[in-house]
Amino acid sequence: MVLRFVALALLLLATGQASAQPAIIEATPPGEFNESYDDSAPVSGSPLVGLRLGGEPALSGNNVVVAGPPAIGDGVCLRVTTRDGRFSAANFYELPKGSGGVLVRVTPLSKDHTRELGSYPADEVAFRAFASATPECSPGGAVNLPLYDGAPAANPQLVVFANGKSQPATASLYDTDEFEAPAGLGPFATVDCTPAGGTMIAYDLICAVPLPAGFSGHALLAVEFSDGFTTDRYAYRTFVPRLAAP
């Protein structure tokens, strides 16, 4: 099975939702593309490697569709990482001035290594997209934008790809746009992350957090790693498009 990505228009047509399909903004890639393919890849330094909604991508292509930035004027930064760490790309995609919408199509994912990237199964590639006003693409403080690959309406999930460096972890989701949940606010859900299996360099855990029925908008994702003695907590602002809600 080669790498498969979303073709959202066909998916919505097949499920009878084409008439309600929101605008998909087409992003513009950078002139100089930042990507690499290396047999001796370094271990990823980021605890959060990828986010997506729903099941596996359905169709092939050198593109993905992600949640649009909640703030008009922001572009999309996209990091693509294979589980074995051999392929990676990090690029800024510009959006039309003044555009707004629920979804953004990001393409291409690769220019020089499309054959290598296309050889990976869909479940061995993680995508981390986040909003940015500048091409520098600093993830600190950014709003993360999950990949949208046709979330099942009856059971939407936010799927987290994490690098625990062999430590177990839990993932929690809160209804807030702050970096820390206010006192007294409990999470929508807390789940144990499961081992990704296979060759694990870039990420080794997958956490499937169920979304509340009808939920969309800003949320706080908290991932906690524990070695049995100490716990490290990381918090990420996230934006869930309304298409994920049943």
Side-chain angles (χ1 to χ4, degrees), residues 2-7 24-52 57 60-71 73-97 99 103-149 159-163 165 196 199-204 221 234 236-239:
V2 298
L3 182 63
R4 299 171 300 167
F5 299 112
V6 66
I24 299 178
I25 303 169
E26 300 291 337
T28 301
E32 295 185 9
F33 212 68
N34 177 25
E35 63 178 321
S36 65
Y37 185 78
D38 193 339
D39 288 337
S40 56
V43 175
S44 171
S46 174
L48 178 62
V49 184
L51 280 178
R52 65 175 169 83
S60 300
N62 196 17
N63 71 93
V64 292
V65 172
V66 302
D74 283 349
V76 173
C77 295
L78 180 66
R79 295 180 174 181
V80 184
T81 311
T82 55
R83 186 165 61 190
D84 61 12
R86 294 178 68 183
F87 175 86
S88 63
N91 292 283
F92 175 77
Y93 298 79
E94 188 176 359
L95 299 181
K97 299 299 182 183
S99 62
L103 301 172
V104 173
R105 189 186 312 280
V106 180
T107 186
L109 306 176
S110 172
K111 289 184 177 179
D112 296 332
H113 303 290
T114 55
R115 180 179 61 82
E116 290 87 349
L117 180 60
S119 68
Y120 284 87
D123 60 358
E124 291 188 8
V125 184
F127 303 90
R128 182 182 178 186
F130 53 93
S132 178
T134 65
E136 283 71 25
C137 280
S138 173
V143 176
N144 290 274
L145 309 169
L147 169 71
Y148 184 83
D149 52 28
V159 183
V160 182
F161 297 80
N163 179 22
K165 297 181 174 64
T199 303
M200 302 178 298
I201 294 179
Y203 62 91
D204 56 4
L221 170 67
Y234 300 87
Y236 304 95
R237 297 167 67 200
T238 304
F239 188 75

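Put simply, the side chain of R237 gets close to the backbone of G141: a donor and an acceptor are under 3.5 Å apart.
In this structure the side chain of L95 never reaches within 4.5 angstrom of the side chain of D74, judged on heavy atoms. Side-chain contact check for P69 versus V143: every heavy-atom pair is 4.5 Å or farther apart.
Rounding to the nearest 0.5 Å gives a distance of 12.5 Å between CZ of F127 and CG of L51. Atom CZ of residue R105 and atom CD1 of residue I24 lie 4.5 Å apart, to the nearest 0.5 angstrom. The distance from atom CD of E124 to atom CZ of R83, rounded to the nearest 0.5 Å, is 4.0 Å. If you take CG on N144 and OH on Y236, they are separated by 8.0 Å, rounding to the nearest 0.5 Å. Note that OG of S138 is 7.0 Å distant from CZ of F130, once rounded to the nearest 0.5 Å. Between the CG atom of L78 and the OG1 atom of T107 there is a distance of 10.5 Å, given to the nearest 0.5 Å.
Qualifying ring-ring contact (aromatic ring centres under 6.0 Å, His included) partners for F239, counting only residues two or more places apart in sequence or in other chains: H218.
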What's the verdict on side-chain contact (heavy atoms from CB on, under 4.5 Å) for N163 and D204, showing C-alpha distance, side-chain angles and the deciding distance? CA-CA 5 Å; N163 179 22; D204 56 4; 4.3 Å; yes
Is there a side chain to side chain donor-acceptor pair (under 3.5 Å) between S88 and S36? Walk through the geometry before answering. CA-CA 6 Å; S88 63; S36 65; 3.1 Å; yes
Given V80 and V125, is the side-chain contact (heavy atoms from CB on, under 4.5 Å) satisfied, shown in steps? CA-CA 7 Å; V80 184; V125 184; 3.8 Å; yes
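The two atoms that bring F33 and P108 nearest to each other are CZ-O, 3.3 Å, heavy atoms only. Minimum interatomic distance between A67 and L103 (heavy atoms only, all atoms of both residues): CA-CD2, 4.4 Å. When all heavy atoms are compared, the tightest approach of L109 to N62 is N-OD1, 3.2 Å. Across S110 and E35, no two heavy atoms sit closer than the pair OG-OE1, 2.6 Å. I201 and G85 make their closest contact through CB-N, 4.5 Å (heavy atoms, listed as atom of the first residue, atom of the second, distance). Between N91 and N34, the shortest heavy-atom contact is OD1-N, 2.7 Å.
Using the six-membered ring where Trp is involved, F87 and Y37 have ring planes that are tilted, between 30° and 60° apart.
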